[in-house]
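A, B, ... follow the sequence lines: proteins, then strands. Residue 1 opens every chain.
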Amino acid sequence: MNILSVLANGVTEAVQSLYGVLPDPSLIQLQKTRKEFKGNFTVVVFPLAKISKLSPDQTGEAIGSFLLEHLNQVKGFNVVKGFLNLEIAESYWLDFFDKAMQDEEFGFEKKGIKPLVMVEFASPNTNKPLHLGHLRNIFLGYSVSKILEANGHSVVNVQIINDRGIHICKSMLAWMKMGNGETPESSGLKGDKLVGKYYVEFDKLYKEQQKQLIDAGRTSEEAAKMAPVILEAQELLIKWEAKDPEVYSLWEKMNSWVYEGFNASFEKMEVSFDKVYFESDTYLLGKEEVIHGADKGVFFRKEDGSIWVDLTNEGLDQKALLRKDGTAMYITQDIGTALLRFRDFPETSYQIYTVGNEQEYHFKVLFKILKKLGFDQADKCYHLSYGMVELPEGKMKSREGTVVDADDLMLEMQNVSREVAMEQGKLEGLTENEKEGVYHYIGMAALKYFLLKVDPIKNMLFNPKESIDFAGNTGPFILYTYVRTRAILRKFEENFGPISRRVDYNGPINEVELNLLAKLHDFPLVLKESGNTYNPSLIANYTYELVKEFNSFYHDFPILREENKDLRTFRVQLTQKVGLVVRNSFKLLGINTVERM
RNA sequence: GAUCUCGUAGCUCAGUUGGAUAGAGCAUCUGCCUUCUAAGCAGACGGUCAGGGGUUCGAAUCCCUUCGGGAUCACCA
């Protein structure tokens, strides 16, 4: 049984036996003892003093004595201003550590004991390359998926690619007009970059034409509607929907370039998907379902033929689902996608959509619609919303060229990492290839940790000029500590053979060792909490605290140089376990560890 | 205008269901490498937890209100 429940039960018994009242569980408040006081866990006495009708300090003393007498895990206590601080016996910590040492998957639930969860993330449009905002999305979604898995769920990672619509037609049109048959091979450009380039070209041309129209006396609204290129793009979309062979094959060709580019980026990011959905496969299904819903009377038709849903009873608005010309909208395809997923994975318990917080309203509406259509799964759809990544000058805007390109940033991180590593010069003996691998991993650790350590719901700031730190509360700092643990273990094994998984040490334990054990003790709780709240930042911050504690230990006490054999082994075991928990935590964040740096 | 969300040190962020004297990193300053990797450790400096009111034995945390930033409220995606 967990020590916290042991203590809670003990306090309950104490109150009942001392004061004859069974206390409500909410009155038993246990927390970790603050550093400046002696003890490991603290009982907040104030609520219990109401039952005892004695002063908090008297009550604390009485409960403390009771626990000392009845629980062998408690070896001492003190009462300070209404707080009962309990000291836990070393035998409890050592026993815990012995169990943890034997549990390779310490803190992890057995995979698959909980129901299947679908996690959607990434979900790019095919007309633009990936940028920093996507990185936050992708790292967040991937990490949440890993965390849920560690909490015992089966998980499928999916993404929906918005591969159809006016946006890709714009790129296609510009390529037809100005591309001269350019391909990724002929230009040396990554496929997504090439297609993105023509999207920008389109926009330039479009703006020029609008300006001419405005100069000729049109309003800006009129100009936006009548510029020749936009009309051409719309025509292209209609041809596409009619599956015009020429248009369709161009669309297929350009999208395939984009996917090749995306896949190269995903590989660098070290993420993967179990299934990819395409809007072009789901929008017709969505249309059908909307029409079906209108026929059933779940939705209603306006005079012009457009189809709407009325959500005013749910506190929302009316929302269009199908245009008067019968074409699909953004939400139409989302309905279709959800449907397809329910069919593909009927055993799914939760569906998690990792999408930015600007779409909160959209998902509220979507889930209500699915519910109205009679899908019970709608109750188990969850919008994992996250804040924007802002630049010092505000939001990233592609039109103003202030987007931070994902590939560029990843490359930049690797470069910085190389520079720092060269200065340190600790990688002698590795081949150039191995070194580049290390630089890459360190760079990705810096980037991923930077984006994941912040609470997802908050907007966060990225300052390109300052680049991402490698010291302090950062990925590389944590990696560095991991590498230290690895070096110690290597040397220990060279000299003394394999490390035992049984903890035979009987104490004493010094304060820093105890802090480390207590931190390790927290790991399963943190993992559970981060799973319940879909929040990787809890893992990130936990890992940082663990590593801080270890560095302090490493600095103050000899490990390999410890002469007492039993103590040396204990400290090496502690080192090993810290290293493993760091590595596993980083896995949950989607970060790979390195052996040297 | 309505709804949602955020506001904690110069900057970037932590702060578990309300608990003790609000914590880290960066930046600035000071020590510590012939001993397990100094991308480290230890210390100093730095706060009206946006302002005001309320609930409570106790509030950064809950409620009300004002101010400030962001987002959303399309037959755009």
Side-chain angles (χ1 to χ4, degrees), chain A residues 26 29 31-37 42 44-47 49-50 56 80-83 85 125 127 162 165-167 279 302 304-308 315-317 319-325 327 329-331 333-334 356-362 364-365 385 387-388 390 392 394-395 417 420-421 423-424 426 442 446 450 453-455 457-463 466 469-481 483-492 522 525-526 529 533 537-538 540-541 544-545 547-548 551-562 571-572 575 596-597:
Chain A
S26 69
Q29 294 182 30
Q31 53 193 262
K32 289 202 288 173
T33 302
R34 296 180 64 111
K35 277 244 161 94
E36 57 267 38
F37 301 100
T42 294
V44 182
V45 184
F46 296 99
K50 281 181 186 159
V80 182
K81 290 195 290 187
F83 293 88
N85 301 319
N125 289 355
N127 60 324
N162 300 307
I166 192 76
H167 52 87
E279 190 188 326
K302 288 202 172 173
D304 60 11
S306 58
I307 297 180
W308 293 68
L316 302 173
D317 243 326
K319 169 88 188 165
L321 303 178
L322 210 57
R323 296 193 188 92
K324 65 182 171 207
D325 63 5
T327 57
M329 305 173 60
Y330 179 55
I331 195 148
Q333 64 91 9
D334 263 342
N357 62 11
E358 76 272 16
Q359 298 206 30
E360 271 166 17
Y361 184 77
H362 172 80
K364 237 185 237 174
V365 170
S385 171
M388 300 285 101
E390 287 169 352
K395 231 185 128 175
S417 154
V420 178
E423 272 172 41
Q424 306 278 344
K426 290 175 186 164
I442 295 172
F450 176 82
K453 76 171 173 182
V454 179
D455 189 335
I457 63 168
K458 291 192 176 174
N459 287 355
M460 62 180 297
L461 189 92
F462 172 78
N463 190 341
E466 291 175 4
D469 276 328
F470 280 61
N473 186 0
T474 66
F477 164 71
I478 293 168
L479 269 191
Y480 182 76
T481 308
V483 165
R484 275 179 157 176
T485 69
R486 300 303 293 167
I488 290 173
L489 298 177
R490 272 197 305 271
K491 285 184 184 161
F492 180 88
D522 284 343
L525 298 174
V526 174
E529 178 71 13
T533 55
S537 78
L538 299 180
N541 287 304
Y544 175 63
E545 285 166 21
V547 154
K548 283 271 299 171
N551 277 332
S552 172
F553 168 66
Y554 173 92
H555 185 265
D556 290 347
F557 299 94
I559 300 171
L560 292 175
R561 296 191 318 261
E562 170 57 45
R571 286 183 177 166
V572 168
T575 303
R596 294 178 59 183
M597 67 186 276

- What is the nucleic acid contact for A:Lys491, judged by heavy atoms within less than 4.0 Å: base, sugar-phosphate only, or nothing? sugar-phosphate
- Message: Is it the case that B:rA38 (base atoms only) and A:Asn551 (side chain only) share a donor and an acceptor within less than 3.5 Å, ignoring hydrogens and angles?
- Response: no
- Task: Measure the distance between the ring centre of A:Phe46 and the centre of the six-membered base ring of B:rG19, then answer whether it is under 5.5 Å with planes under 30°.
- Result: yes
- Message: Side chain of A:His167, heavy atoms from C-beta onward: which of B:rA77, B:rG25, B:rU16 has the nearest atom to it?
- Response: B:rA77
- Message: Mind checking if A:Ala471 touches a base, just sugar-phosphate, or nothing, with heavy atoms under 4.0 Å?
- Response: sugar-phosphate
- Which part of the nucleic acid does A:Met388 contact within heavy-atom distance under 4.0 Å: base, sugar-phosphate only, or nothing? nothing
- Message: Rounded at 0.5 Å granularity, tell me how far NZ in A:Lys458 sits from CG in A:Asn357.
- Response: 13.5 Å
- Message: Once you apply a heavy-atom cut-off of 4.0 Å, does A:Tyr361 come out as touching a base, just sugar-phosphate, or nothing?
- Response: sugar-phosphate
- Looking at A:Lys458, does any N or O in its side chain come under 4.0 Å of the phosphate oxygens OP1/OP2 on B:rA14? yes
- How long is the line joining NZ of A:Lys35 and C1' of B:rG23, in whole Å? 11 Å
- Measure distances between side-chain N and O atoms of A:Thr42 and base N and O atoms of B:rA20, and say whether any donor-acceptor pair falls under 3.5 Å. yes
- Message: I'd like the C1' distance from B:rC76 over to B:rG18, given in whole Å.
- Response: 44 Å
- Between B:rA20 (P) and A:Lys32 (NZ): distance, integer Å: 14 Å
- Task: Report which part of the nucleic acid A:Lys548 touches: base, sugar-phosphate, or nothing (heavy-atom distance under 4.0 Å, all strands).
- Result: sugar-phosphate
- Message: Nearest whole Å is fine: how far is B:rU5 P from A:Asn357 CG?
- Response: 11 Å
- Message: If you define the side chain from C-beta out and look only at heavy atoms, does anything of A:Asp334 sit under 4.5 Å from A:His362?
- Response: yes
- Note on the structure: Rounded to the nearest 0.5 angstrom, the CG-CD distance for A:Asn125 and A:Glu279 is 8.0 Å
- Any stacking of A:Phe83 on B:rA20, going by centres under 5.5 angstrom and planes within less than 30 degrees? yes
- Task: Consider the side chain of A:Gln31, meaning its heavy atoms from C-beta on, and name the nucleotide among B:rA39, B:rA77, B:rA20 that approaches it most closely.
- Result: B:rA20
- Query: Once you round it to whole Å, what is the distance between C1' of B:rA77 and CG of A:Asp334?
  - Reply: 10 Å
- Message: Measuring to OP1 and OP2 of B:rA38, would you say a side-chain N or O of A:Tyr554 lies under 4.0 angstrom away?
- Response: yes
- Looking at every strand, decide which applies to A:Phe557 at a 4.0 Å heavy-atom threshold: base, sugar-phosphate, or nothing. base
- Message: Mind checking if A:Phe470 touches a base, just sugar-phosphate, or nothing, with heavy atoms under 4.0 Å?
- Response: base
- Message: Any side-chain N or O of A:Tyr330 below 4.0 angstrom from OP1/OP2 of B:rA77?
- Response: no
- Query: How would you label the contact of A:Pro392 with the nucleic acid (heavy atoms, under 4.0 Å): base, sugar-phosphate, or nothing?
  - Reply: nothing
- Between A:Ser537 and B:rC13, does any side-chain N or O lie under 4.0 Å from OP1 or OP2? no
- Message: What contact category does A:Glu545 fall into here, base, sugar-phosphate, or nothing, at under 4.0 angstrom with non-hydrogen atoms?
- Response: nothing
- Aro-ring/base stack A:Tyr544-B:rA24, d under 5.5 Å, angle under 30°: no
- Just to confirm, is there a sub-4.0 Å distance from OP1 or OP2 of B:rA39 to any side-chain nitrogen or oxygen of A:Arg484? no
- Message: So A:Ile457, base contact, sugar-phosphate only, or nothing? Heavy-atom distance under 4.0 Å.
- Response: sugar-phosphate
